[in-house]
Amino acid sequence: MCYGKCARCIGHSLVGLALLCIAANILLYFPNGETKYASENHLSRFVWFFSGIVGGGLLMLLPAFVFIGLEQDDCCGCCGHENCGKRCAMLSSVLAALIGIAGSGYCVIVAALGLAEGPLCLDSLGQWNYTFASTEGQYLLDTSTWSECTEPKHIVEWNVSLFSILLALGGIEFILCLIQVINGVLGGICGFCCSHQQPNGILFSLQQYDC
């Protein structure tokens, strides 16, 4: 198993997920494609936490690019052996993965809080408030109550859909970064690629690299 190739695959996946998180977070600022609610500050407070833009987005790009570059990174070598340098690079990727875990965890927590509290909306009494804040998230199971929010139109569906997407994407990012922590540790201990393909393309043997 080549740990560098695994890390590169995780890196490419994280780039795609990060871009989706950024897009989902941006859409939260424009319910029904309208800009007035953002300018009037009539959006959920958790939208302004930038969980998808920063946590699941920009902060995730750092470890993603680190993982993608691992196959070419020899960490300047050490002890005169290139693979020892690659071990160093794999171990250093664990730190990048921890940054990704922190960013994705932030995205998941904020998205979950946004879902639990519900959107800021204009109720039937003509007041802007968090209509479902006291329901502790139970409104998610009772769609008949969603009509209590009269403006913006379909704001409950809008918030629930996008915060749910951020929650799912952040969760996937968290899992991938956790996998890379394990992958980085194993790659650092066992070597950049513990096995190599024999000339006949069928048999594999274990190869150890020692400084």
Side-chain angles (χ1 to χ4, degrees), residues 10 12-64 96-181:
I10 291 174
H12 284 299
S13 299
L14 288 177
V15 170
L17 291 169
L19 294 177
L20 289 175
C21 280
I22 292 173
N25 200 156
I26 291 175
L27 287 174
L28 280 169
Y29 292 101
F30 308 106
N32 304 316
E34 299 181 61
T35 61
K36 66 177 183 178
Y37 300 109
S39 61
E40 295 172 356
N41 198 26
H42 286 156
L43 297 176
S44 168
R45 58 176 176 165
F46 290 109
V47 174
W48 302 103
F49 281 36
F50 305 106
S51 61
I53 295 176
V54 177
L58 298 178
L59 199 59
M60 197 58 56
L61 293 177
L62 172 61
L98 293 176
I99 294 175
I101 287 176
S104 59
Y106 175 70
C107 181
V108 167
I109 292 172
V110 173
L113 291 174
L115 282 173
E117 185 174 62
L120 175 66
C121 64
L122 189 69
D123 60 20
S124 57
L125 300 177
Q127 296 180 338
W128 288 91
N129 56 46
Y130 293 94
T131 306
F132 306 108
S134 60
T135 67
E136 298 181 349
Q138 294 300 314
Y139 78 97
L140 295 169
L141 304 176
D142 188 3
T143 57
S144 63
T145 62
W146 293 5
S147 59
E148 294 179 19
C149 281
T150 59
E151 189 180 350
K153 291 184 178 180
H154 308 296
I155 185 59
V156 181
E157 293 89 338
W158 188 267
N159 268 35
V160 169
S161 298
L162 292 174
F163 273 127
S164 295
I165 290 173
L166 287 174
L167 183 65
L169 293 176
I172 296 173
E173 289 175 337
F174 186 91
I175 293 173
L176 289 177
C177 288
L178 187 60
I179 291 174
Q180 180 52 32
V181 169

**Item:** Between S161 and N159: side-chain donor-acceptor atoms closer than 3.5 Å
**Value:** no

**Request:** Answer yes or no: is there a side-chain heavy-atom contact under 4.5 Å between F49 and L113?
**Result:** no

**Prompt:** Can you tell me how far the CG atom of L169 sits from the CZ atom of F174, to the nearest 0.5 Å?
**Reply:** 15.0 Å

**Asked** Do NZ/NE/NH1/NH2 and the carboxylate oxygens of E151 and K36 come within less than 4.0 Å?
**Response** yes

**Request:** Would you mind reporting whether E173 and C21 have side-chain heavy atoms less than 4.5 Å apart?
**Result:** yes

**Request:** Flag the pair T143 / V156 as yes when at least one side-chain heavy-atom distance between them is below 4.5 Å, and no otherwise.
**Result:** no

**Prompt:** Quick one: CD1 on I155 to OG1 on T131, what's the gap to the nearest 0.5 Å?
**Reply:** 11.0 Å

**Within-4.5 Å side-chain heavy-atom neighbours: P63 and I10** = no

**Prompt:** So with a 6.0 Å cut-off around NE2 of H12, is the heavy-atom count from everything else above 12?
**Reply:** yes

**Prompt:** So, does N32 use its side chain to make a donor-acceptor pair with the main chain of H154 at under 3.5 Å?
**Reply:** no

**Prompt:** How long is the gap from OH on Y37 to CG on L120, to the nearest 0.5 Å?
**Reply:** 11.5 Å

**Request:** Search all heavy atoms of A18 against all heavy atoms of G57 and return the closest pair with its distance.
**Result:** CB-O, 3.5 Å

**Request:** Taking the side chain as every heavy atom from C-beta outward, state whether C177 and L14 have any atom pair closer than 4.5 Å.
**Result:** yes

**Asked** Sub-3.5 Å donor-acceptor pair from the side chain of T150 to the main-chain atoms of L122, do we have one?
**Response** yes

**Complete:** All heavy atoms of G55 vs all of C107, minimum pair found to be C-CB, 4.4 Å

**Request:** With the side chain counted from C-beta on, respond yes when L162 and L166 share a heavy-atom pair under 4.5 Å apart, and no when they do not.
**Result:** no

**Message:** Give me the atom names and distance for the closest heavy-atom approach of E148 to F132.
**Reply:** OE1-CE2, 4.2 Å

**Message:** Go through it in stages, so that I can follow the logic: the residues are L58 and F50, the test is side chain to side chain contact (heavy atoms under 4.5 Å, CB included), and I'd like the CA-CA distance, side-chain angles, deciding distance and then a yes or no.
**Reply:** CA-CA 10 Å; L58 298 178; F50 305 106; over 6 Å; no

**Complete:** What one should report as the nearest heavy-atom pair of M60 and G100 is CE-O, 3.2 Å

**Shortest non-hydrogen contact between S147 and S144, atoms and distance** = OG-O, 3.4 Å

**Prompt:** Heavy atoms, side chains only, cut-off 4.5 Å: are F46 and L28 in contact?
**Reply:** no

**Item:** Interatomic distance, N25 atom CG to F163 atom CZ [nearest 0.5 angstrom]
**Value:** 7.5 Å

**Message:** Rounded at 0.5 Å granularity, tell me how far OG in S104 sits from CD1 in I172.
**Reply:** 11.0 Å

**Asked** For the residue pair Y139 and A116, what are the closest heavy atoms and their distance?
**Response** CE2-O, 3.8 Å

**Prompt:** Roughly how far, to the nearest 0.5 Å, is CD1 of I101 from CG of L176?
**Reply:** 10.5 Å

**SG-SG under 2.5 Å, C149 vs C121** = yes

**Prompt:** Does CD belonging to E136 count more than 12 external heavy atoms closer than 6.0 Å?
**Reply:** no

**Message:** Could you tell me if the side chain of L27 sits less than 4.5 Å from the side chain of W158, heavy atoms only?
**Reply:** yes

